[in-house]
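This report concerns only the one structure given below.
Just so you know, these numbers come straight off a predicted model, no measurement behind them. Chain naming here is simple, since letters A, B, ... match the order of the sequence lines and numbering starts at 1 in each.
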Number of protein chains: 2
Amino acid sequence: MESEELRNVGLKVTTPRLKILSFLESAKEKHMTAETIYRKLVDSGEVIGLATVYRALTQFEAAGLITRHHFEGGQTFFELERGPHHDHIVCIRCGRVEEFYDKMIEERQREIAEKLGFTLSDHAMTLYGECSGGCPAAKP
Amino acid sequence: MESEELRNVGLKVTTPRLKILSFLESAKEKHMTAETIYRKLVDSGEVIGLATVYRALTQFEAAGLITRHHFEGGQTFFELERGPHHDHIVCIRCGRVEEFYDKMIEERQREIAEKLGFTLSDHAMTLYGECSGGCPAAKP
DNA sequence: CTTGCACATGAGAATCGTTATCATATATAT
DNA sequence: ATATATATGATAACGATTCTCATGTGCAAG
């Protein structure tokens, strides 16, 4: 239950937070901007404020429920933190986002950080390219 | 000569562009925001507009002279494209940026992209951690 | 060396994404 | 059921970036 999730991370269970969380869990798109999340909620008849969406997303991130990605173009995308860690590859033509995980790279990153005298706490790795085959061309 | 560089990439050689380019080449900091570049130029007595800095940086990037990085916090940093490709590790406490290159990771990325049906054209990889030892604490 | 003209510039307005403010509403402990 | 701390939504404020437009300038042709 989503209420449990919120309680578990120490957040009050409120209607807007539940709306956002269950929307994220049911959405087909796994990576969305705050604006998109807000718009889709409003379009589906919900009454919610943009500020509330931003606030909730920030809290969810702090609680580890979601992750924030800074893809190219300066846009910020949010994604439910489900399952194991992974990185992303995004199509520069159609914007499609695929996920992947590579143990070797993960290990190597840790070694590199250590060699440079850093204690690794996080990383962002995004590949960019063109997806061949069924790339539905450009996003409008 | 910087004039050559501009001419080579098909840009008119203008005073502001020369100022920005030579400033980037002489600066100690290798990674700076547009605002920082503007401020340092103005502080050193130059007459230049912020809009011009943004315009020039965008053109330089399109021409391959510089690279744009989206580090955490939403801030955009620019860096002269000198020498071979490399990635970054930034200290989450003091903001220090170190560079590194790892052949194994580069190769692996290409393999991964291919396996997923993408033609890799670019990638962004930034590690975040705390630099031990002489980390001058927080940035002001 | 002039001159013309396309292109570049600087100042400020406009825009975009995000955060702060504040009066009102609501979740939770009692 | 009630008190109280916290959350909400509307809107203002904000910082970063881009746009507008009147003026200035690189550079190629004469």
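Contact check for A/Gln75 versus A/His70: no side-chain heavy atoms found under the 4.5 Å cut-off.
Taking the charged nitrogens against the carboxylate oxygens, A/Glu81 and A/Lys30 have no contact shorter than 4.0 Å, which rules out a salt bridge.
Between the side chains of A/His86 and A/Glu79, a donor-acceptor pair is found at a separation under 3.5 Å.
Rounded to whole Å, the distance from CD on A/Glu61 to P on C/dT19 is 10 Å. Distance A/Phe77 CZ to C/dG17 P: 11 Å, rounded to the nearest Å. Taking atom CG of residue B/Leu18 and atom C1' of nucleotide C/dT9, one finds them 14 Å apart after rounding to whole Å.
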Just the atom pairs and distances: protein N or O near nucleotides 14-18 of chain D's N or O, under 3.5 Å.
| from | atom 1 | to | atom 2 | distance (Å) |
| --- | --- | --- | --- | --- |
| D/dT17 | OP1 | B/Thr76 | OG1 | 3.2 |
| D/dT17 | OP2 | B/Tyr54 | OH | 2.4 |
| D/dT17 | O5' | B/Tyr54 | OH | 3.3 |

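Taking A/Gln59 as the reference, A/Leu11, A/Arg17, A/Ala56 meet the side chain to side chain contact (heavy atoms under 4.5 Å, CB included) condition, with sequence neighbours excluded.
The end-to-end axis angle of the helix from C/dC1-D/dG30 to C/dT30-D/dA1, rounded to 10 degrees and based on five pairs per end, is 30°.
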How would you summarise protein contacts on nucleotides 22-30 of chain C per nucleotide, using B for base, S for sugar-phosphate only and - for none, with heavy-atom distances below 4.0 Å?
-----SS--
I'd like a table of donor-acceptor pairs (distance under 3.5 Å, sequence neighbours excluded) in which one partner is a side-chain atom from residues 33-40 of chain A, with atom names and distances.
| from | atom 1 | to | atom 2 | distance (Å) |
| --- | --- | --- | --- | --- |
| A/Thr33 | OG1 | A/Thr36 | N | 3.1 |
| A/Thr33 | OG1 | A/Thr36 | OG1 | 2.7 |

Can you check ring-ring contact (aromatic ring centres under 6.0 Å, His included) on A/Phe71 and A/His88, steps first, answer last?
CA-CA 9 Å; A/Phe71 293 158; A/His88 301 88; 5.6 Å; yes
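Proximity of the aromatic rings of B/Phe78 and B/His69 is defined here by a centroid distance below 6.0 angstrom, and this criterion is not met.
Within the structure, side-chain hydrogen bond (donor to acceptor under 3.5 Å, both in side chains) contacts touching residues 105-115 of chain A (residues at least two apart or in different chains) are A/His85-A/Glu106, A/Arg108-A/Glu111, A/Arg108-B/Asp102, A/Gln109-A/His123.
Following chains of ILVMFWY side-chain contacts shorter than 4.5 Å, one cannot reach A/Tyr101 starting from A/Met125, and the two form parts of different hydrophobic clusters.
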